There are 4 protein chains.
Amino acid sequence: MNDDSSLSRAERNRQQLRSDILQAAFIEFAERGYHQTAISDIAKRLGIGHGTFYRHFTNKRDILEHVIDDIATKIIATLEAENAPDAVTSLEAYKEQCARIANRLSDVLTANPAIARLILLEATSIDADMTKRLMNLIDWGGQLVAAYMINGVKLGYFRKDLDCQSTGHAVVGMILVCALRFLSNPNPDEQQGLAIAIQRLLVDGIAIH
Amino acid sequence: MNDDSSLSRAERNRQQLRSDILQAAFIEFAERGYHQTAISDIAKRLGIGHGTFYRHFTNKRDILEHVIDDIATKIIATLEAENAPDAVTSLEAYKEQCARIANRLSDVLTANPAIARLILLEATSIDADMTKRLMNLIDWGGQLVAAYMINGVKLGYFRKDLDCQSTGHAVVGMILVCALRFLSNPNPDEQQGLAIAIQRLLVDGIAIH
Amino acid sequence: MNDDSSLSRAERNRQQLRSDILQAAFIEFAERGYHQTAISDIAKRLGIGHGTFYRHFTNKRDILEHVIDDIATKIIATLEAENAPDAVTSLEAYKEQCARIANRLSDVLTANPAIARLILLEATSIDADMTKRLMNLIDWGGQLVAAYMINGVKLGYFRKDLDCQSTGHAVVGMILVCALRFLSNPNPDEQQGLAIAIQRLLVDGIAIH
Amino acid sequence: MNDDSSLSRAERNRQQLRSDILQAAFIEFAERGYHQTAISDIAKRLGIGHGTFYRHFTNKRDILEHVIDDIATKIIATLEAENAPDAVTSLEAYKEQCARIANRLSDVLTANPAIARLILLEATSIDADMTKRLMNLIDWGGQLVAAYMINGVKLGYFRKDLDCQSTGHAVVGMILVCALRFLSNPNPDEQQGLAIAIQRLLVDGIAIH
DNA sequence: TATGAATGAGTTTTCATTCAT
DNA sequence: AATGAATGAAAACTCATTCAT
């Protein structure tokens, strides 16, 4: 018994169209950029009148917000889908965790490169509020990573003097660079190499001990 | 005998004005964003007619290119001002090198936050070509870091199996995150903490060995 | 046996709805102005779908016409409700007549200021045809007043040389100004003062004889 | 030595264009109505690009304001051009004064019927602020007429018990009706008749004494 | 019959760019 | 060389009206 069953046919159509518009906007924004995309481009892509757009979203800005929110939600869900930080109890388990997360992110990215383009390249230049949202997302990522590290320190398989907050952010930076490089050169081998290098860096550093 | 002496007074004025326009454009783009900045805003800031702008730059896009190029040149110069990669011959020297570079970058950032804003947030959403340039800059950074690492591996103070290319990119990612966090919260302590954490991460990793 | 009894229940509902729409349109037009009122505003006020509007009126323009017609009819009825012009047979009776009419108009205005707003301010700027209607209404008012005057001249209590037509129009002007001032400042005392001054002006003029 | 002599040729051109735009807007607003007039209509009438409009006026509303202000200024100037209220010292002089003012108004109206159309029909339906301005103008007219009457009462050629304020407003109403009738039927004879009737009404009333 | 989703004509406004002075 | 007036393409947004359900 799904939610849709309780909706009228009309309402289902409405939801569908709304979702189609979101999708079309997502594609257009990612392909041409937010500023280069006119509402009429979105409408044209769907073969609807551009007035119809305004029945579902109040604004160009409004739909961007929804598009970005959707992406953020998806990213957050992807990362939180993994076990909770305190589910990891050993360095070995942590390495596996890292690998799994790397794979998940890689899958998301591969399946939908536009996500990265939109959130990393486009959304940064809308206005202060949108920038703030992105910064918050990055911050959230840092906190999440930090939580794993705090757990690792507590359980003793990470350095006692590890600055978890800062290191968390650093890790996010490395993830960002993965996404950026993927955008400019979507080569699975490079992605793979980058992922491994990051995991090695994390665990072992680069120096000889 | 400096270069200027060979230029006519008129030509010197011309060069000066051109440079002033660049500077004004830089400030406006950084403060209001590229799309939100009108050519007349730039001209107004200088107190010149906006028609004059077109005597020095062919385009709004054109001046952005020059502004970004200037920034890129400055960043590259900042990083290359340090000794060449092969001037480092020990882990200890490498650590010092890292610290020095971190300080330099931090100085540049602190002195001119607009640089980061412009290059990380604004320039990403102009068009494919501009994005490509940024990606190239990031790539260049990765190569530079990689060169140090290659040297370190050769001289034996870095892991033999270090993937220098990938790790180089990873380091760039961490630098990026420094800049981003600085933009959203320009707190010297956090910057400092981040820099230290990154250096520790690099050298020691996070795990207990 | 009233008229409604001969109508089907459905038809009565239909008439009721039509009348409700007219009423709602009247209020909206008066409150926000014709151009600022959307059909959907009218529908929303009634809680009906705005498509329904078009089952009862062909046009936005169409309903305005009906609204204005209703008002005009009401005004005409108000004024004609008084005795016919030739029912007045003395200056004294005429004065009383004037006072009664003034009171009636004042009552209508007070009860429904929107009428004045709509007919004097809004309806003037629709199109040539609507303007013509208003002019005709004003003309009709002038004729009505003139009829009283003609009667007065005939019966000898008005000047022999009275230009009844023109003076009739002049009187309408004074009534208009009452309405306008009431709109901008609905002060009963001022209304009262204006009404008295007009009646005195009419009968005695302003000069000392 | 006129003002223009101190202006540059460019500035004179600028002022001229601005004035041309005002004139064109005036005509369009009067002919088609404010709401029915697009900025591009105004530009088209002048054969200029519609962007040029915005170099001289910030808004459609803005230019309406200027058009209306110009008209109001002209009307006020026309009426104040006559001698001051206290320059009249006898009923005879007052009658002449009335006749002169009537003629002046008639001339203005005849020369430019659009003035009346714009201010009486169009400007009423823009917004509350514009309506307020018109009401103020009407009020000002009432005060001006009242000033004459106060003088007349003081000098003894008007009734002691004359309610000057209210009667002043009444007179404005009669002037309004002149303008309105002129709009719907620009017949010089009717105008003349109306003017005379009003003057007679004022001085003598309609009754037999 | 009532509904409201869809439509696109029409309007305002901005601003990069050109070019005569 | 500098200027800024003129331009019009382009874009966002509204809303009267139609019509399938």
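Note that the structure is a prediction, hence the values are computed from the model and not measured. Only heavy atoms go into these numbers, but all of them, side chains included; no hydrogens, no water, no symmetry mates.
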Q: Between C:L64 and C:K60, does the side-chain contact (heavy atoms from CB on, under 4.5 Å) criterion hold? Intermediate values first, please.
A: CA-CA 6 Å; C:L64 175 67; C:K60 188 181 174 182; over 6 Å; no

Q: D:R14 side chain N/O closer than 4.0 Å to the phosphate oxygens (OP1, OP2) of F:dA5?
A: yes

Q: Within the structure, does a side-chain N or O atom of D:H56 lie under 4.0 Å from either OP1 or OP2 of F:dA6?
A: yes

Q: What is the separation between atom CD1 on C:I39 and atom C1' on E:dG4, rounded to the nearest whole Å?
A: 14 Å

Q: Rounding to a whole Å, what distance do you find between A:R9:CZ and F:dT21:P?
A: 8 Å

Q: How close or far is atom C1' of E:dA16 from atom CG of B:L64, stated in whole angstroms?
A: 15 Å

Q: Between the base of F:dA1 and the side chain of B:R55, is there a donor and acceptor pair under 3.5 angstrom?
A: no

Q: I want to confirm an ordering. Mapping C:K60 and A:D41 to their closest nucleotides on DNA chain F, which one lands closer to the 5' end?
A: A:D41

Q: Which is true for C:T58 with a 4.0 Å heavy-atom rule: it touches a base, it touches only sugar-phosphate, or it touches nothing?
A: nothing

Q: Taking the side chain of C:Y54 as its heavy atoms from C-beta onward, which of E:dT7, F:dA16, E:dT17 lies nearest to it?
A: F:dA16

Q: In this structure, how many angstroms lie between the P atom of E:dT1 and the CZ atom of C:F53, rounded?
A: 17 Å

Q: Any side-chain N or O of A:N59 below 4.0 angstrom from OP1/OP2 of F:dC13?
A: yes

Q: Check every strand shown and say whether D:L46 touches a base, only sugar-phosphate, or nothing at a heavy-atom separation below 4.0 Å.
A: nothing

Q: To the side chain of A:H50, which of E:dA9, E:dT18, F:dG8 is closest?
A: E:dA9

Q: Take A:L46 and A:F53 through the side-chain contact (heavy atoms from CB on, under 4.5 Å) test and state the conclusion after the steps.
A: CA-CA 10 Å; A:L46 289 175; A:F53 171 90; over 6 Å; no

Q: If I take atom CG in residue B:N13 and atom C1' in nucleotide F:dA2, what distance separates them, rounded to the nearest angstrom?
A: 13 Å

Q: Test side-chain contact (heavy atoms from CB on, under 4.5 Å) on C:L134 and C:T124 and set out the steps.
A: CA-CA 7 Å; C:L134 292 185; C:T124 52; 3.9 Å; yes

Q: Measure the distance from CD1 on B:I63 to P on E:dA16 and round it to the nearest whole Å.
A: 12 Å

Q: Using a strict cut-off of less than 4.0 Å between a Lys/Arg side-chain nitrogen and an Asp/Glu carboxylate oxygen, indicate whether D:D129 and D:R133 qualify as a salt bridge.
A: yes

Q: Assuming nearest nucleotide by heavy-atom distance, tell me which of A:G51 and D:G47 is located more 5' along DNA chain F.
A: D:G47

Q: Which one is paired to E:dT13, where only Watson-Crick or G-U wobble pairs with both distances under 3.5 angstrom count?
A: F:dA10

Q: Give a yes/no answer on whether the side chain of D:T52 brings an N or O atom under 4.0 Å of OP1 or OP2 in F:dA5.
A: no

Q: Using 4.0 Å as the upper bound for N to carboxylate O, is an ion pair formed by B:D70 and B:K74?
A: no

Q: For A:G49 and B:H35, take the nucleotide of DNA chain E holding the closest heavy atom to each; which residue's nucleotide lies nearer the 5' end?
A: A:G49

Q: If I take atom CD1 in residue D:I42 and atom P in nucleotide E:dT11, what distance separates them, rounded to the nearest angstrom?
A: 12 Å

